[in-house]
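Structure record follows, encoded as structure tokens.
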Amino acid sequence: MDLIRIADVLDAELVHGPKGWERIHIGSVFASDLMSDVLMSDRDAMLLITSLSTEQSIRSAGIVGAEAVVVANSKTVTDGMVDLAREQGLALFRTKFPKYESCVRLGRIMEG
Amino acid sequence: MDNAQKEPLQSSLRVQELIYGLKISEVMTKKVFAVTRNCTMRDVQTIMKNNSITGVPVVDSRRVVGIVSMNDIMNALEKGAMDDVVTLWMVGEVQTLAEDMPLSFAISAFNKFSFRRFPVVNKKNELVGIITFRNINMALIRELSRQLREMESLHGGPPERSDSLDLVKVYQLHRYDFENGGKASSEIKKFLKERGIPPKIVRQVAVASYELEINLVAHSNGGMLSFDINADRIKISSHDRGPGIADVELAMTEGFSTANEWIRSQGFGAGMGLPNVKRVSDEFAIQSAVGMGTMVRAVINLKKEKKDEH
């Protein structure tokens, strides 16, 4: 599924997007606030949904080669996080939906 | 000068980097002069004089039970007790080092204790050698000369190609410096990605190195992370200055963690770090001693045999 579709479903605000981010393919979704778990995830074309709005979230996503990060619950995104997203070539979004609801919304369109 | 004398090896982290690969057994003196419990102080004095040494371990069926130093000899001499058995004058409860420890542990031990020498024991706790400053100095000089020669021979070689996989790099990490924890991994990840290494392997390397970086930042008193990369494999070594892990087996248990609240607030401390490093590595080794430090070595092969995908 294309990243733009995900952004649309989550009514997400784009904080940083590399060129052509709309067409980035997302093959799997991982939701966690525990970076130790993120680091154990072993997936390609991954989207991370997290309510842990820290630089380490962006770093961990970059380390496992995720394509994009969605910060749930309208948490504040710091400049440092944006810089890191740019550095790692990650797309970064913010959504008002909590983590669970974000997952449910994405789950629905993935099933359908 | 004062500081340098008080902490002779404190500023030597760069030197430690050079020798993290050496084991105590490769550096120690293997020919040890030791005495048994029933020997006299005079026997020890003769051994010291004839062999120009200043410390003699006391053993009981190869186990170290004490050590007699020049100081003890002088004390006995003063009291006219040179015919006493050594057990009356030796220092008991000797701090020993294990032969398979990395040399940096010995350096930590010299920093921590005021002893001038440490008996070295094998896995069965039997005396196999002795290590002094002199051994360490010699090893450093040897290692530095070797590296210098290597650098010289590299100098005249072909210019570095941007697609070459050969890389040796060392990063320093400090306690609680979460801001910089991750920089090394990001750089190495980029290096491998640019050279067309498959994403799965890049991920394995990045995860192993990031977990080790986080460990250094969250749990150690500071240390270094080094990378040694060639076309066959990526070797990652993490090396810190303590506090050391009391129970390595426990630390390798998934879910076990000593992390504090602050570390947890950063999204870590779930007790998955070391097991995760092991999970992504083709070779994994860990060594630790309380008060001295921890060393982890992880190797990820680039030329994989057909391995099970998962």
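Because only heavy atoms are used, hydrogens play no part in the values below, and waters and symmetry mates are left out as well, while side chains stay in. The sequence lines fix the lettering, A, B, ..., with proteins before strands; numbering per chain opens at 1.
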Residues of residues 29-40 of chain A near chain B, each having a heavy atom less than 4.5 Å away:
A:Asp33, A:Leu34, A:Met35, A:Ser36, A:Leu39, A:Met40

Residues in side chain to side chain donor-acceptor pair (under 3.5 Å) contact with A:Arg86, at least two apart in sequence or another chain
A:Asp83

What part of B:Tyr210 is in contact with chain A, defined as an atom under 4.5 angstrom from a non-hydrogen atom: side chain, backbone, both or neither?
side chain

Any sub-3.5 Å donor-acceptor pair from B:Lys189's side-chain atoms to A:Gly62's backbone N or O?
yes

Is there a donor-acceptor pair closer than 3.5 Å between any side-chain N or O of B:Arg203 and the backbone N or O of A:Arg43?
yes

Please determine whether the number of non-hydrogen atoms from other residues, nucleotides or ligands lying under 6.0 Å from atom CD of A:Glu22 exceeds 12.
yes

Does any non-hydrogen side-chain atom of A:Gln88 lie less than 4.5 Å from one of B:Lys190?
no

I'd like to know if the side chain of A:Gln56 and the backbone of B:Phe178 have a donor-acceptor N/O pair within less than 3.5 Å.
yes

Not counting sequence neighbours, which residues clear side-chain contact (heavy atoms from CB on, under 4.5 Å) with B:Lys183? List them please.
A:Arg59, B:Asn180

If one checks every heavy atom of A:Ser60 against chain B at 4.5 Å, the contacting part turns out to be both

Of all pairs that satisfy salt bridge (charged side-chain N to carboxylate O under 4.0 Å, His left out), the ones with a partner from residues 212-230 of chain B, not counting sequence neighbours:
B:Asp228-B:Arg233

Mind ranking B:Pro275, B:Ser265, B:Ala206 by heavy-atom pairs under 4.5 Å with chain A and telling me who comes out on top?
B:Ala206

Per-residue contact mode, B:Ser209 against chain A (heavy atom under 4.5 angstrom)
neither

Look at A:Asp42 together with B:Lys200 and state whether they make a salt bridge at an N to O cut-off of under 4.0 Å.
yes

